[in-house]
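Okay, structure first, notes after.
Each chain gets a letter, A, B and so on, in the order its sequence line appears, and its residues count up from 1.
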Protein chains: 2
Amino acid sequence: MSDPSTKPNTHPASEAGAKLRIFQAAEALVSEQGFDAVSTRDIVAKAGVNIAAVNYHYGTKHRLLLEIFRVRATELNRERSQLLRVAMEERPGDARAILHALVEPATLWISDERRVALRFLNRARSEGPLEVRETIRTDVRHLRRFVDALALALPAMPREDLLWRFHFALGVLHYNQSADYERLSILSDGTCAPDDRVALLRRLVDFIAGGFGLPPAAAS
Amino acid sequence: MSDPSTKPNTHPASEAGAKLRIFQAAEALVSEQGFDAVSTRDIVAKAGVNIAAVNYHYGTKHRLLLEIFRVRATELNRERSQLLRVAMEERPGDARAILHALVEPATLWISDERRVALRFLNRARSEGPLEVRETIRTDVRHLRRFVDALALALPAMPREDLLWRFHFALGVLHYNQSADYERLSILSDGTCAPDDRVALLRRLVDFIAGGFGLPPAAAS
DNA sequence: CATCGCATGAAACAAGCGTTTGATACGGTA
DNA sequence: TACCGTATCAAACGCTTGTTTCATGCGATG
């Protein structure tokens, strides 16, 4: 049930697998238009399948969306955890490296085909089903790893200060994932654009590190 | 049309004014449940009026929501402009005071009955009608005043740097307005709560000022 | 070859949506 | 008193929603 591409399809009309195509069509449409704006008929039209296929393969539209969220959230958290582990091994005690591990995955995802998955996750955070929003709010296990790592790297900072700053850092991070760069582009008369992902990542980490009271980064 | 309380109502059943009660009911429901989750029938049920009243007083449900947004956005922008003006007069060249003027209104609104209006505006930003989201994205006039003020206070900072940091600052600000404090509460085992608005405001400004590379605030 | 399970198709379902209709009651004015 | 514009009401409109039904076609199995 977790991977829509496991079962090869035998029917001639579904060369790429109807279940997988429904998954991708729903993800793409939601990431573009939002959860409430996408209907079952929109999904099956994009996927090129009959309307009954959604309920046949996923039970309900609700469960389809939950499944998409589950798959993508797992992927993102796994990537973040891996980057954090690498940072802790290679540069232990470097708070800036920890913040980098927190910010990097989402910034990279925007640059490639995973942009769709990331935007789906962002939608889920604010407009997704109640069940999903509840999970996001209360399942903080993977975030706790980052807090603990930061506490190790910044032993002099009171834990309450550290948690609030971490909270603010998540705000910066999520706002940037929403890709609302048009306002910035207008404000800057077009000079500020998110095209250079490396530079954007550096600016992001710089800002958050500054918020944590860290000194400016050394030239890399 | 702008103030739903202007016309005194003559009908016995509408002692507080049907138009005003519709306005308030819609604002409250949307701020709690989101734009797409609230139906016309929900609104009239909460307002205690007939379902035809919405279309009679506001034309369409769409125009009702646009009107609420227009009224509340005007109020918020006016308050921010006024605080910025005071900051520029009393503490010219103080970047921290400018950031304070940017952050303070929303933080104060959360504390009183305007919390409903603020949450409505936040909803409008992400899930509101396309027309509203377009306005928010492209109407940057009141933001430009803050950018210009910051440029005056931080003459050494390249404009591109300043704009990016301002962009990030808006991220922190909006994230906090969304009032997603439950995750922080869980992460901190309940020790971090947004009850003390003065302290929260100080922490917010501290973090953003740090992101701008400003030195830590002097004790007030 | 007959049979079975899985996948798909067209059509319809009940429920909810925003909006409209036409009737009714009210207070102010001539 | 007769009238008129305003405001409210119950009821219905046409439409879209997510989901279901039942028939059909396919490939694999016996």
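- Between the CG atom of B:Asn55 and the C1' atom of C:dG18 there is a distance of 7 Å, rounded to whole Å.
- For the 3.5 Å distance criterion, the side chains of A:Arg123 and A:Ser31 fail to qualify, holding no donor opposite an acceptor.
- In summary, the side chains of B:Asn122 and B:Arg119 do not present any donor paired with an acceptor at a separation below 3.5 Å, with no hydrogens or angles considered.
- Across D:dG18, D:dA10, D:dA11, the shortest atom-to-atom separation from the side chain of B:Ile51 is found for D:dA11.
- Between D:dT8, C:dT8, C:dG18, one nucleotide has an atom nearer to the side chain of B:Ala18 than all others, and that is D:dT8.
- Within the structure, a side-chain polar atom (N or O) of B:His57 is placed less than 4.0 Å from OP1 or OP2 of D:dT8.
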List the steps and the verdict of side-chain contact (heavy atoms from CB on, under 4.5 Å) for B:Leu150 and B:Phe212. CA-CA 10 Å; B:Leu150 284 170; B:Phe212 271 84; 4.1 Å; yes

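- The closest side-chain donor-acceptor pair between A:Trp109 and A:Gln177, if any, does not fall under 3.5 angstrom.
- Sequence neighbours left out, the pairs with a member in residues 22-35 of chain A that pass salt bridge (charged side-chain N to carboxylate O under 4.0 Å, His left out) are A:Glu27-A:Arg72.
- As judged by a 4.0 angstrom heavy-atom cut-off over every strand, A:Val38 is placed among residues touching the sugar-phosphate backbone only.
- A straight line from CD of A:Gln33 to P of D:dT17 spans 11 Å, rounded to a whole angstrom.
- Within 3.5 Å, no donor on the side chain of B:Asn50 pairs with an acceptor on the base of D:dA7, nor the reverse.
- Separating the CZ atom of B:Phe35 from the C1' atom of C:dG18 is a distance of 16 Å, rounded to the nearest angstrom.
- Whole-Å rounding puts the B:Leu29 CG to C:dG18 P distance at 12 Å.
- When the P atom of C:dG16 is taken as reference, atom CG of A:Asp36 falls 17 Å away, rounded to whole Å.
- Judged by atom type and distance alone, A:Arg41 reaches the base of D:dG18 through a side-chain donor-acceptor pair under 3.5 Å.
- A sub-4.0 Å separation between OP1 or OP2 of C:dG18 and a side-chain N or O of B:Thr40 is present.
- Take the nearest nucleotide of DNA chain C for B:Asp42 and for B:Tyr56: the residue whose nucleotide is more 5' is B:Asp42.
- Phosphate contact (OP1/OP2 of D:dT17, side-chain N/O of A:Ser39, threshold under 4.0 Å): present.
- Summarising the geometry, the separation between OH on B:Tyr58 and P on C:dT20 is reported as 17 Å, rounded to the nearest angstrom.
- Counting to the nearest Å, the P atom of C:dG9 and the CD1 atom of A:Ile22 are 10 Å from each other.
- Comparing D:dT8, C:dA10, D:dC9 by their closest approach to the side chain of B:Ala52 singles out D:dC9.
- B:Lys61 places its NZ atom 14 Å from the C1' atom of D:dT16, with the value rounded to the nearest Å.
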